[in-house]
Amino acid sequence: MEKAVKILITGKLHEVALDLLKNQPSELSVSSPLQIVYLPDAPREVILKEIIDTNVLISRSETDVDETLLTAGKELRIVARAAVGYGNINCDLATDLGILVVNTPGKNTNSAAELTFGLLLALIRKIPAAHISTSQGGWNRHHFTGTELGGKTIGIVGLGNVGHRVAKFALGFDMRVIAYDPYISDEVFRRNGAERKNTLEELLAECDVLSVHVPLNKETKGMITEVELKKMRKGAFVLNAARGGIITEKGLLNALNEGYIAGAGVDTFDNEPKPMAELIKHPNIIVTPHIGASTLEAQFRIGETIAVQVLKALRGEIVDYPVNLPHVSLLGSGDLRAISVLAEKSAHVAAQIFDFHPATIRLTVTGALKQEDLQILKLSTLKGFLAHASDEFVSYVNAERLLAKRGIKIELALKNNSLKNELLLEVFGSGANEKVSVGSVLYDGKIARLCSINDFLFEIEPDGDLIIMQNHDRPGVIGDVGSYLAKNNVNIAQFELSRNRRGGMAMSLIRVDGELQSATINGLRKLPNLISARLVSGL
């Protein structure tokens with residue numbers, strides 16, 4: 001008898017998922033019998049015991065798919081995340097072990113947007129307090145006088161999947177919609193009836209309501225502090241149904257205590273399931289326990305999608321939502337695979353240094369490659385560019401679709417040269433009157449280096465966290481920077497300085513050991529003679 005494929009499910013799923021896995025529609029049926037072990041909310045020790053002979057793990061946020069679990073799963077082939085985020089999965093190790101990771105992006109978009117507006121309406125009309133008072137026998141009509149949304153300005157940070165839905169709802173309430181998202185084209189802004197704001201500060205200054213809808217990464221973690229909140233109009237409202245940590249909880253609490261922020265609606269927190277007690281008990285905040293996706297419709301879509309993805313993967317088909325690509329044979333070997341990785345890293349750097357929205361990205365490759373190799377390099381470039389900013393998870397499968405949604409064009413060029421031991425890349429982005437280029441080089445098919453940003457030349461390894469710094473070419477700058485980083489316990493692994501002319505402008509790339517915090521970069525910007533300093537992470 002053929003051995004069964006064991007599917008371990010450690011999170012609660014909609015019935016549709018179990019029905020699909022048990023009954024398998026003909027177009028998705030697999031040849032092997034399936035053994036489904038449904039253990040929602042099982043304790044860790046039970047999961048570790050069951051994982052030993054498991055082939056497919058379907059999990060939710062309650063299960064940490066870490067090194068211990070992955071290495072214990074000797075027969076594990078697929079990890080399926082029944083949600084969008086996969087922060088609880090060690091994807092790098094899964095890739096090394098040949099384990100496919102899939103998720104279900106976009107299935108809770110409407111649910112999260114509706115919850116956002118539900119929080120807003122509850123805040124401005126004081127619905128929870130009015131309900132409690134009335135249910136306890138009170139009838140204080142004048143005590144619960146609220147405000148209307150019509151004519152108010154909502155500022156949306158992140159005009160992606162959820163953000164654009166919130167914009168649509170806001171327009172239905174006759175609100176003015178402004179948005180900040182440097183990775184979305186002007187056409188997408190126009191399509192969603194949102195006025196573009198070029199900086200966060202510009203948006204905050206005009207907000208009656210602030211709503212954040214961005215992924216949590218090093219750029220967005222702590223992007224809204226008490227300082228930013230106090231740049232808003234006094235008496236404004238703040239909403240976070242995206243990710244905990246985007247708005248600093250201490251800063252929000254202080255702004256609420258001082259009466260600067262009139263109220264807040266929060267669904268996601270830094271420390272779940274035990275958020276800051278003082279914050280959630282504040283009289284001017286409405287909180288929910290991370291229920292953005294908790295609707296019957298969203299759970300149906302998630303359950304249906306995850307079951308279909310698992311069945312596709314077991315049939316050996318291309319899944320729709322791969323988080324990783326463990327079977328990297330499609331990248332080939334040697335130069336193509338190495339330069340694909342370098343293309344992704346170069347584009348990832350470019351995405352983090354654009355001060356404008358690029359309408360076009362151009363990848364130019366100089367080397368002894370075939371024209372058909374450009375398709376792989378294009379996908380690698382798009383994946384690197386989009387991964388930093390997209391609120392969907394980017395893969396080789398969906399990269400082109402996501403770029404098109406953002407209204408950005410991609411151009412490719414291949415220039416042959418006779419230097420077989422050297423491959424050159426340039427990722428070039430252009431907007432209305434602005435241009436940025438990032439150059440990189442691959443020596444001997446294995447030694448990767450960033451070699452230029454615009455007209456500044458370097459030779460630095462694209463690995464870990466980088467500081468990109470512009471300054472006036474004057475004595476003492478390097479010493480000031482070194483001293484400052486040392487005081488903040490940051491060790492410099494590599495320091496590359498380039499200048500356009502003596503006494504003119506200089507740019508430095510500083511590769512550091514460990515991870516950098518945003519606060520460290522903010523302090524660096526205050527040093528004398530510095531024009532700009534930014535963190536490039538995730539290389």
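V102 approaches P322 most closely through the heavy-atom pair CG1-CA, 4.2 Å. The shortest non-hydrogen separation linking L28 to R315 is O-CD, 3.3 Å. Here the closest non-hydrogen pair linking T268 and A242 is CG2-O, 3.5 Å. Closest approach of Y180 and K197 over heavy atoms only: CD1-O, 3.3 Å. For the residue pair P215 and I246, the shortest heavy atom distance occurs at O-CD1, 4.5 Å. Between F300 and V16, the closest heavy-atom pair is O-CG1, 3.6 Å.
Checked by atom type and distance alone, the side chain of N240 pairs as donor or acceptor with a backbone atom of R243 at under 3.5 Å. At distances below 3.5 Å, not a single donor-acceptor pair connects side-chain atoms of Y183 with backbone N or O atoms of G160. A distance-only check finds no donor-acceptor pair linking the side chain of S211 to the backbone of I156 [under 3.5 Å]. For the pair E411 (side chain) and T360 (backbone), a donor-acceptor distance under 3.5 Å is absent. Distance alone, capped at 3.5 Å, is enough to place a donor-acceptor pair between the E228 side chain and the T225 backbone. The backbone N or O of N103 sits nowhere less than 3.5 Å from a side-chain atom of Q309 that would complete a donor-acceptor pair. Of the possible polar contacts, none joining the R534 side chain to the I521 backbone as a donor-acceptor pair under 3.5 Å is found. Counting only distance, with no hydrogens or angles, the side chain of N55 and the backbone of V5 share no donor-acceptor pair below 3.5 Å. A distance-only check finds a donor-acceptor pair linking the side chain of N324 to the backbone of I99 [under 3.5 Å].
Side-chain contact between L311 and L34: present, with at least one pair of heavy atoms (C-beta onward) separated by less than 4.5 Å. Residues T364 and R362 are in side-chain contact: their nearest non-hydrogen atoms beyond the backbone lie under 4.5 Å apart. Side chains of M276 and N271 form no contact here, defined as non-hydrogen atoms less than 4.5 Å apart. Put simply, the side chain of Y321 reaches to within 4.5 Å of the side chain of K107, judged on heavy atoms. A heavy-atom distance below 4.5 Å is found between the side chains of S537 and Q352. With contacts defined as side-chain heavy-atom distances shorter than 4.5 Å, the pair I184/H164 does not qualify. Inter-residue side-chain proximity for L120 and F117 is flagged as met; some heavy-atom pair is nearer than 4.5 Å. Taking the side chain as every heavy atom from C-beta outward, E45 and K49 never approach each other to under 4.5 Å.
Here the CD1 atom belonging to I51 is positioned 11.0 Å from the CD atom belonging to E75, to the nearest 0.5 angstrom. Atom CG in L363 sits 9.0 Å away from atom CD in E426 (nearest 0.5 Å). One finds the OG atom of S59 at 5.0 Å from the CD1 atom of I89 (value rounded to the nearest 0.5 Å). For the atom pair CG of L239 and CD1 of I154, the computed distance is 6.5 Å after rounding to the nearest 0.5 Å. For the atom pair CD (E187) and CD1 (I408), the distance works out to 13.0 Å, reported to the nearest 0.5 Å. Here M223 contributes atom CE and I247 contributes atom CD1; the two are 9.5 Å apart, rounded to the nearest 0.5 Å.
Shown are L57, L76, V79; of these, the side-chain contact (heavy atoms from CB on, under 4.5 Å) with L69 is made only by L57.
Checking E344 against H348 by side-chain atom types alone, no donor-acceptor pair falls below 3.5 Å. Under the 3.5 Å distance criterion, with hydrogens and angles disregarded, a donor-acceptor pair is assigned to the side chains of S346 and S440. Checking S111 against E114 by side-chain atom types alone, no donor-acceptor pair falls below 3.5 Å. No side-chain donor-acceptor contact under 3.5 Å links T104 and T305.
Relative to the ring axis of Y86, R81 does not place its NZ or CZ within 45° and under 6.0 Å from the centre.
Atom CD of E15 is surrounded by 12 or fewer heavy atoms from other residues, nucleotides or ligands within 6.0 Å.
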Original post:
Can you check side chain to side chain contact (heavy atoms under 4.5 Å, CB included) on L21 and I58, steps first, answer last?
Top reply: CA-CA 12 Å; L21 292 172; I58 301 178; 4.1 Å; yes

**OP:** Evaluate the side chain to side chain contact (heavy atoms under 4.5 Å, CB included) criterion for residues K345 and L425: first the C-alpha distance (whole Å), next the side-chain angles of each, then the deciding distance (0.1 Å), finally the verdict.
**Re:** CA-CA 11 Å; K345 289 189 173 187; L425 284 171; over 6 Å; no

Original post:
Does the pair R44 and D64 meet the rule for a salt bridge (charged side-chain N to carboxylate O under 4.0 Å, His left out), with working shown?
Top reply: CA-CA 9 Å; R44 176 78 171 179; D64 285 329; 5.5 Å; no

**OP:** Evaluate the criterion side chain to side chain contact (heavy atoms under 4.5 Å, CB included) for residue pair K405 and N161; output intermediate values, then yes/no.
**Re:** CA-CA 10 Å; K405 280 178 64 176; N161 278 344; 2.9 Å; yes

**OP:** Show your reasoning for whether side chain to side chain contact (heavy atoms under 4.5 Å, CB included) applies to V266 and L279.
**Re:** CA-CA 10 Å; V266 183; L279 178 65; 5.5 Å; no

Original post:
Are K378 and E400 close enough, and set up right, to give a salt bridge (charged side-chain N to carboxylate O under 4.0 Å, His left out), and what steps lead you there?
Top reply: CA-CA 9 Å; K378 177 178 78 170; E400 289 188 272; 2.7 Å; yes

**OP:** Please assess K12 against E62 for the test salt bridge (charged side-chain N to carboxylate O under 4.0 Å, His left out), listing each intermediate value before the final yes or no.
**Re:** CA-CA 10 Å; K12 187 176 180 181; E62 296 85 359; over 6 Å; no

